[in-house]
There are 2 protein chains.
Amino acid sequence: MGDVMIPVLLADDETLIRTALATMLDLEPDLDVVAHVDSGEELLALWQQRVRSGEPVAVAVLDLQMTGLDGIDTAVRLLEQTPNAGVLIVTSHGRPGYLKRALSAGVRGFLPKTSSASTLASVIRTVHDGGRYVDPALAAEAISTGDSPLTAREADVLEFAIDGASIEEIARRAHLAVGTTRNYLSSAMTKLAVANRYEAALKARELGWI
Amino acid sequence: MGDVMIPVLLADDETLIRTALATMLDLEPDLDVVAHVDSGEELLALWQQRVRSGEPVAVAVLDLQMTGLDGIDTAVRLLEQTPNAGVLIVTSHGRPGYLKRALSAGVRGFLPKTSSASTLASVIRTVHDGGRYVDPALAAEAISTGDSPLTAREADVLEFAIDGASIEEIARRAHLAVGTTRNYLSSAMTKLAVANRYEAALKARELGWI
DNA sequence: GCCTCGCGATGACGAATGTCATGCGCGGCA
DNA sequence: TGCCGCGCATGACATTCGTCATCGCGAGGC
């Protein structure tokens, strides 16, 4: 019996949600939530500890938006260490770009929080067995969105533009000249078909491109 | 036994979270999650139905951020109909202004999702017994933040400014002249001590003032 | 070696934006 | 009744912003 149980590690900084999910998943006969923590850092520490002590490989269920290391950052580090670990990301915001980044990092499951509980449980099993599962709606959206047309610099300046900073401030943060910054912002705006840098930053974030 | 059970109605548009919370709360011996729905509208319909059929008064647990009617809107309508109903709001974003609006609507419980599960359960009991409970950290923040210094018009234009619209566009949406819109934005910017309307809108939202 | 291309920068120009002084009408209110 | 205060509006002004043409430079590609 013990060897058919799937060990699950859960990371989410919202305690209420995390414990509720842990409680619910633990009710599944074949799932064993061995630990749940409130940050990516703690999950990584726990993972390493389990690897060192030779415990059976677990499925990591990560919330995408966490303070500190977010779900994708955590997944990247975890997968650097354990290349084919089963990692599953759960998120409130179905941004296409996030899905792409997660998949290219090697994440094998990606679900919105609007999924059902039974979906989550079955995806945990799928991921544990080496399979993949991506929410169909999110996948369709990611495909139809296409890849980011932004160059690295354009993405940089947009990232600094999102909090409403002036071009001067953006230039300082990006270590670019003011005029250069303007140009990058301008070309990003053209690509995104919007009229100013704020809309551009908003849209790029919406699409997960920054 | 049946009459000591506290009926709980749950509304949250994230199915995974909602069912996990419902499952967890149902494990409490004195709580009975009689239904959980994914929108404020549905919760209101359910509430009315229960009132009409004379069922015992329940505690409503509402997620603050939902598409359509959000937690506060739902609470307002629910409390218009049943003035001293027990309503509890749960949220990811601890904006001071939200807390104030919720309390002035008559909500008696306000918790961040970073609370513990036992806190939620005990606050449901408190609210059911006619008591109040507000997360101490959120309460302190709300007190230190003070009230909104924005006039109604200033708040209006800021709301339209948050998606990056031009002043012309904001003016159209607010049914104001372009110059007037500029003036309101300008005075809002002064009050918020920022340099442009985007920062102003962001800051006002951060503080829960719009 | 030469050519091209992308990155970073500059300067000029018109449009959008933020500021300020000012005006007008209207509902309280002393 | 007269006097704020407030909502809404104008016009003028200096800045900031977005666009565009142009340039230097270094890293490949042939």
Side-chain angles (χ1 to χ4, degrees), chain A residues 97 100-101 104 145-210, chain B residues 97 100-101 104 145-210:
Chain A
K100 285 185 190 165
R101 264 185 277 163
S104 69
T145 297
D147 281 322
S148 172
L150 301 175
T151 68
R153 282 318 116 93
E154 288 161 0
D156 284 350
V157 294
L158 282 187
E159 222 159 339
F160 293 125
I162 203 148
D163 60 1
S166 65
I167 290 189
E168 201 179 355
E169 176 65 20
I170 297 170
R172 193 170 330 121
R173 293 194 211 161
H175 306 290
L176 289 172
V178 173
T180 308
T181 304
R182 271 195 227 255
N183 289 339
Y184 284 128
L185 287 170
S186 182
S187 68
M189 287 158 53
T190 304
K191 288 179 181 175
L192 294 167
V194 295
N196 62 53
R197 61 200 143 102
Y198 308 100
E199 278 186 284
L202 254 19
K203 189 162 182 177
R205 189 175 63 180
E206 185 63 33
L207 295 168
W209 289 345
I210 61 171
Chain B
K100 285 185 190 166
R101 264 186 276 165
S104 67
T145 298
D147 281 322
S148 172
L150 302 174
T151 67
R153 282 318 117 91
E154 288 162 0
D156 284 351
V157 295
L158 282 187
E159 223 159 338
F160 293 125
I162 203 145
D163 60 0
S166 65
I167 290 189
E168 203 179 353
E169 177 64 21
I170 296 171
R172 194 170 330 121
R173 292 195 212 161
H175 306 291
L176 289 173
V178 172
T180 307
T181 304
R182 277 188 208 205
N183 289 338
Y184 284 129
L185 287 171
S186 181
S187 68
M189 286 159 54
T190 304
K191 288 179 182 176
L192 294 167
V194 295
N196 62 52
R197 61 200 144 99
Y198 307 100
E199 278 187 283
L202 255 18
K203 188 161 182 178
R205 188 174 63 180
E206 185 64 33
L207 295 168
W209 290 344
I210 60 170

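FYI, side chains are in, hydrogens and waters are out, and symmetry mates aren't considered; it's all heavy atoms of this structure. Throughout, a chain's letter reflects where its sequence line sits, starting with A, and its residues are numbered from 1.
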Apply salt bridge (charged side-chain N to carboxylate O under 4.0 Å, His left out) to residues B:R172 and B:E169 and explain how you reach the verdict. CA-CA 5 Å; B:R172 194 170 330 121; B:E169 177 64 21; 2.7 Å; yes
Is any side-chain N or O of [X] closer than 4.0 Å to OP1 or OP2 of [N]?
X      : N      : result
A:R197 : D:dG18 : yes
A:T180 : C:dA9  : yes
B:S186 : C:dT19 : yes

Starting from the 5' end of DNA chain D, give me the residue, B:L176 or A:T190, whose nearest nucleotide shows up first. B:L176
When the distance from [atom1] of [X] to [atom2] of [N] is rounded to whole Å, what number comes out?
X      : N      : atom1 : atom2 : answer
A:I170 : D:dG18 : CD1   : C1'   : 12 Å
B:E154 : D:dC8  : CD    : P     : 11 Å
B:M189 : C:dA16 : CE    : C1'   : 13 Å
B:R153 : D:dA9  : CZ    : C1'   : 14 Å
A:R182 : D:dT16 : CZ    : C1'   : 7 Å
A:I167 : D:dT19 : CD1   : P     : 10 Å
A:E199 : D:dC17 : CD    : C1'   : 14 Å
A:Y184 : D:dC17 : OH    : C1'   : 18 Å

[X] side-chain N/O to [Y] backbone N/O, donor-acceptor pair under 3.5 Å:
X      : Y      : answer
A:E154 : A:T151 : yes
B:K203 : B:V194 : no
A:N196 : B:G164 : yes
A:S186 : A:R182 : no

What does B:N196 touch in the nucleic acid at a heavy-atom separation under 4.0 angstrom: a base, only the sugar-phosphate, or nothing? sugar-phosphate
So A:L185, base contact, sugar-phosphate only, or nothing? Heavy-atom distance under 4.0 Å. nothing
Looking at B:N183 and C:dC20, is any side-chain donor or acceptor paired with a base atom of the opposite kind under 3.5 Å? yes
